Amino acid sequence: MSPTVKLLQGNEACVEGALAAGLKFFAGYPITPSTEIAEHLAERLPRVGGRFIQMEDEIASMAAVVGASLTGAKAMTATSGPGFSLKQENLGFATFTEVPCVVVNVMRGGPSTGLPTSPAQSDVMQARWGTHGDHPIIAIYPSSVPETYELTIKAFNFAEKYRTPVILLMDEVIGHMRERIELPDEPPIPIIDRAKPTVPKSEYLPFDESQGDVPPLANFGEGYRFHITGLTHDQRGFPTSAPDKTAVLLDRLHNKIYNSLDDILLWETIDMEDAEIGIFAYGATARSATRAVRLAREQGVKAGLIRPITIWPFPDQLIAQYAKQLKALVVAEMNLGQLVNEVERAAQGQVPIKRVLQANGELILPETILQAALEVK
Amino acid sequence: MLAEKYLRDAMMPHIWCPGCGHGIIMQAVIKAIDKAGLDQDKTVIVSGIGCSSRASGYMNFDTLHTTHGRALAFATGVKMANPELNVIVLTGDGDALAIGGNHFIHACRRNIDITTIIFNNSIYGMTSGQYSPMTPHGHLATTAPHGNMDRNFDVCELAKAAGATYVARSTAYHAAGMADLIGKALANKGFSVVEAISQCPTYYGRRNKQGSAIDMLNWQKEHAVNVAAAARLKPEQLEGKFVIGELHSSSAPEFTEQYDQLVARLQGRE
Amino acid sequence: MAVRHEVRLSGSGGQGMQLAGIILAEAAILEGKNAVQTQSYGPEARGGASRSEVIISEAAIDYPKVTQPQVMLALTQESYNKYRHDLAPDALLVVDESIEVSDDLPTGTQVISVPILRSATETLQRPIVANIMALGVLVGSSAIVERESLEKAVLNRVPRGTEDLNRQALAIGFQLAANGS
């Protein structure tokens with residue numbers, strides 16, 4: 001069967017991807033510029049036997065998503081900066097109790113109410129450290145409408161495979177722009193479902209590290225009678241304050257993500273083979289950077305694009321590898337300096353880094369990035 | 001024995017202080033579940049944060065001990081995603097009515113089929129005695145050392161006004177009656193609220209000179225007026241008392257049933 | 001680099017510029033081209049000047065925003081005043097006849113001033129189809145997409161029962177283009 005060619009918004013592509021991944025539950029609260037995701041799912045989910053609910057606030061939406069996921073449903077919520085702030089406590093609960101779910105944050109200008117209809121990339125550090133306590137997180141970030149579709153499926157796959165919340169970062173540009181997309185009849189990648197327990201019900205331990213870094217998660221309502229708590233817990237899920245058990249849990253939480261970087265880290269490079277000037281950009285900014293690379297090449301400057309798709313965990317190795325090759329690295333982002341600090345840390349002083357930072361509610365122009373690349377040439 | 005069937009031995013001893021009323025309330029919940037014949041494998045207990053919310057961990061079901069105030073929001077997700085499950089929320093006066101007040105009124109409004117038991121001990125016990133939305137005016141707490149200036153909620157009136165379809169009140173002293181009321185709450189297809197008045201001798205009673213746990217239970221006995229008896233009394237005769245029993249029962253469309261009907265209609269199965 | 005057409009459609013909020021942009025982009029997609037459509041959000045979309053922008057290209061579209069429109073539509077004076085400043089040299093500017101065109105346009109700008117709003121109101125008695133008529137003028141005078149694809153894209157999007165009305169609006173638009181150029 002041939003794919004259906006459509007003109008869709010990034011937010012609509014996210015909905016298509018979520019449904020292709022098997023989404024069965026969405027809880028949300030209206031917030032620009034993510035509202036189209038809720039609107040379309042309100043229409044679509046009941047048609048596929050799923051459930052949509054508009055909760056009383058952002059906090060409740062995140063809570064309902066976790067509750068739904070514990071019954072076995074693939075669950076998602078979508079929001080933007082102010083709502084993302086409100087979701088943080090329950091997002092942390094989901095990381096610690098290892099409940100798979102997807103949280104979409106279509107970023108707009110901040111701080112506070114900020115610029116509701118304008119793009120920004122100022123929540124990338126919040127995606128990493130917004131909730132309290134040591135916790136790993138996976139955050140992925142598309143830079144086109146078709147990629148939003150694919151990465152939404154990928155977000156669910158990561159969530160289910162690693163028993164963790166996954167943050168799908170977007171920006172207002174990607175969320176709202178309409179672009180050509182080919183929607184296949186069947187998902188373009190295999191759909192992953194969470195591992196189920198294989199032990200007898202009475203022997204089930206929801207946090208059993210002997211089952212590997214990602215212990216299987218049973219569904220509520222199937223007779224396993226297990227306990228989930230946000231308190232530090234032992235293998236059984238029961239509260240503990242024993243230092244040894246605490247360490248085992250926190251180590252495993254980190255290991256399950258950091259021992260799988262080969263699988264989790266996604267990126268794209270353009271013209272990096274012989275590049276002397278690298279441009280590091282992500283999301284919509286990478287579209288500007290792609291143009292800047294082409295413009296630079298037209299002027300005989302050997303520029304290339306490094307575009308992380310997985311933002312968290314941060315692709316340290318990728319940066320370290322190119323830091324040796326490059327004469328200079330330009331980092332462009334729609335904030336006043338967030339991931340650039342990670343780039344500097346990963347580059348370990350091996351390459352001069354030029355910052356192109358802009359947080360005025362407008363997508364950075366290709367010419368602005370080009371100018372920076374020419375200055376460091 | 002009910003304890004063997006419904007409690008998690010591995011979680012004992014519990015954290016509740018000597019004289020605390022919460023164990024009595026948990027027992028009433030268990031008795032009601034048993035009497036109603038709920039499938040233990042199809043019943044989910046959800047709680048928030050605080051002394052009362054520790055009850056979920058002690059009970060041998062699928063149990064979800066969530067974040068402060070959010071139990072009803074988590075429970076809404078559980079019930080929506082699998083309406084076959086019996087969902088019971090155990091929460092406290094601070095958890096349900098301060099930090100969780102918004103979720104509480106909206107769960108009432110939705111009339112989602114969840115039974116909520118509010119363990120009301122008039123204080124934040126877990127953090128050792130701060131005033132809650134149920135601390136009476138003028139009473140003392142660590143954060144109200146000069147007397148509480150807030151007025152307390154009448155949570156049953158609140159629930160009724162917000163749309164709950166079953167509302168009842170009981171006390172730890174009236175444990176047997178409480179189990180019956182919880183049973184009726186479980187039977188109601190819709191959002192049910194039972195305010196279960198509890199005693200906290202450690203952080204509330206002592207500071208407010210209410211005596212021992214037994215004194216506090218006696219206070220419950222002496223100040224509670226059954227709803228049938230209350231109907232025959234004049235308002236001035238009810239001064240300083242509170243009414244227990246079934247306070248409200250009505251019918252309204254239940255949320256998940258309506259959603260199931262929508263799904264059936266859209267999928268052409270109707 | 002393949003040719004990249006940047007189009008800006010502007011008018012007042014409620015004149016259907018967003019839908020017009022979507023239809024134009026979908027017409028391009030029907031021809032197997034790439035297209036990106038963006039629009040103004042927020043208070044300005046509820047009255048005042050409103051714009052919708054479309055980029056059409058045979059190649060992949062990198063930067064998704066319009067910076068130098070080669071084709072621009074303005075249905076109101078306010079939108080003309082607000083959005084004309086970054087026209088490309090030799091651009092095509094389609095304006096409603098009611099607009100007073102300034103003398104500060106880049107050299108080579110081809111201005112087509114035709115009675116779009118009046119035709120929609122007087123000829124069709126339906127001012128709501130001015131956006132579709134304007135697309136007819138725009139495509140008729142620029143050929144950024146084929147007339148056939150535009151018509152197909154219009155019919156894919158408009159409410160059932162309004163197909164004939166919209167076909168007429170398109171036809172008038174193409175006629176205005178033929179007369180105006």
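Every chain is numbered from 1 and lettered A, B, ... according to where its sequence line falls, protein lines coming before strand lines. All figures in this text were calculated on a predicted structure; none of them were measured in a lab. Just so you know, these numbers use all the heavy atoms, side chains as well, and skip hydrogens, waters and symmetry mates.
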Looking only at heavy atoms, which two atoms of [X] and [Y] are closest? And how far apart?
X	Y	answer
Asp62(B)	Gly221(A)	OD2-N, 2.6 Å
His103(B)	Glu56(A)	ND1-OE2, 2.9 Å
Pro83(B)	Arg51(A)	CG-NH2, 4.1 Å
Ala73(A)	Ala81(B)	CB-CB, 4.2 Å
Val78(B)	Gly67(A)	CG2-O, 3.4 Å
Pro239(A)	Met11(B)	CD-CE, 3.6 Å

Quick one: pull up [atom1] in [X] and [atom2] in [Y] and give me the separation to the nearest 0.5 Å.
X	Y	atom1	atom2	result
Arg44(A)	Leu266(B)	CZ	CG	12.0 Å
Phe220(A)	Ile45(B)	CZ	CD1	10.0 Å
Glu222(A)	Lys42(B)	CD	NZ	6.5 Å
His65(B)	His227(A)	NE2	NE2	6.5 Å

If you count the non-hydrogen atoms of other residues, nucleotides and ligands that lie under 6.0 Å from [atom1] in [X], is the total more than 12?
X	atom1	answer
Lys189(B)	NZ	yes
Lys256(A)	NZ	yes
Tyr162(A)	OH	yes
Lys35(B)	NZ	no
Asp9(B)	CG	no

Next on the checklist: Out of Leu85(B), Asn82(B), Asp260(B), Asn60(B), return the one with the most heavy atom pairs under 4.5 angstrom to chain A.
Outcome noted: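 The candidate making the most pairs under 4.5 Å is Asn60(B).
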Item to check | Selection from Arg8(B), Arg70(B), Glu84(B), Lys79(B) maximising heavy-atom pairs under 4.5 Å formed with chain A | outcome: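 Winner by heavy-atom pair count: Arg8(B).
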Checklist entry - Quick one: are Leu231(A) and Arg54(B) in side-chain contact, heavy atoms under 4.5 Å? => result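 Of all side-chain heavy-atom pairs linking Arg54(B) with Leu231(A), at least one is under 4.5 Å.
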Relative to chain A, which segment of [X] carries a heavy atom at a distance below 4.5 Å: side chain, backbone, both, or neither?
X	value
Thr43(B)	neither
Arg110(B)	side chain
Phe61(B)	backbone

Checklist entry - Contact part of Phe25(A) toward chain B, heavy-atom cut-off under 4.5 Å: side chain, backbone, both or neither? => result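 For Phe25(A), the side chain is the part near chain B, not the backbone.
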Item to check | Interchain contact, Ala27(A) with chain B, by part (heavy-atom threshold 4.5 Å) | outcome: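 The answer is neither part of Ala27(A).
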Next on the checklist: I'd like to verify something: which residue of Arg236(A), Lys24(A), Met55(A) has the highest number of heavy-atom pairs under 4.5 Å with chain B?
Outcome noted: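 That would be Met55(A).
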Checklist entry - So which of Ile53(A), Leu70(A), Val65(A), Asn219(A) has the largest heavy-atom pair count under 4.5 angstrom toward chain B? => result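 Most heavy-atom pairs under 4.5 Å with chain B: Ile53(A).
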Checklist entry - Aromatic rings Phe93(A) and Phe74(B): how do their planes relate, parallel, tilted or perpendicular, breaks at 30° and 60°? => result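 Taking Phe74(B) first and then Phe93(A), their aromatic rings stand perpendicular (interplane angle over 60°).
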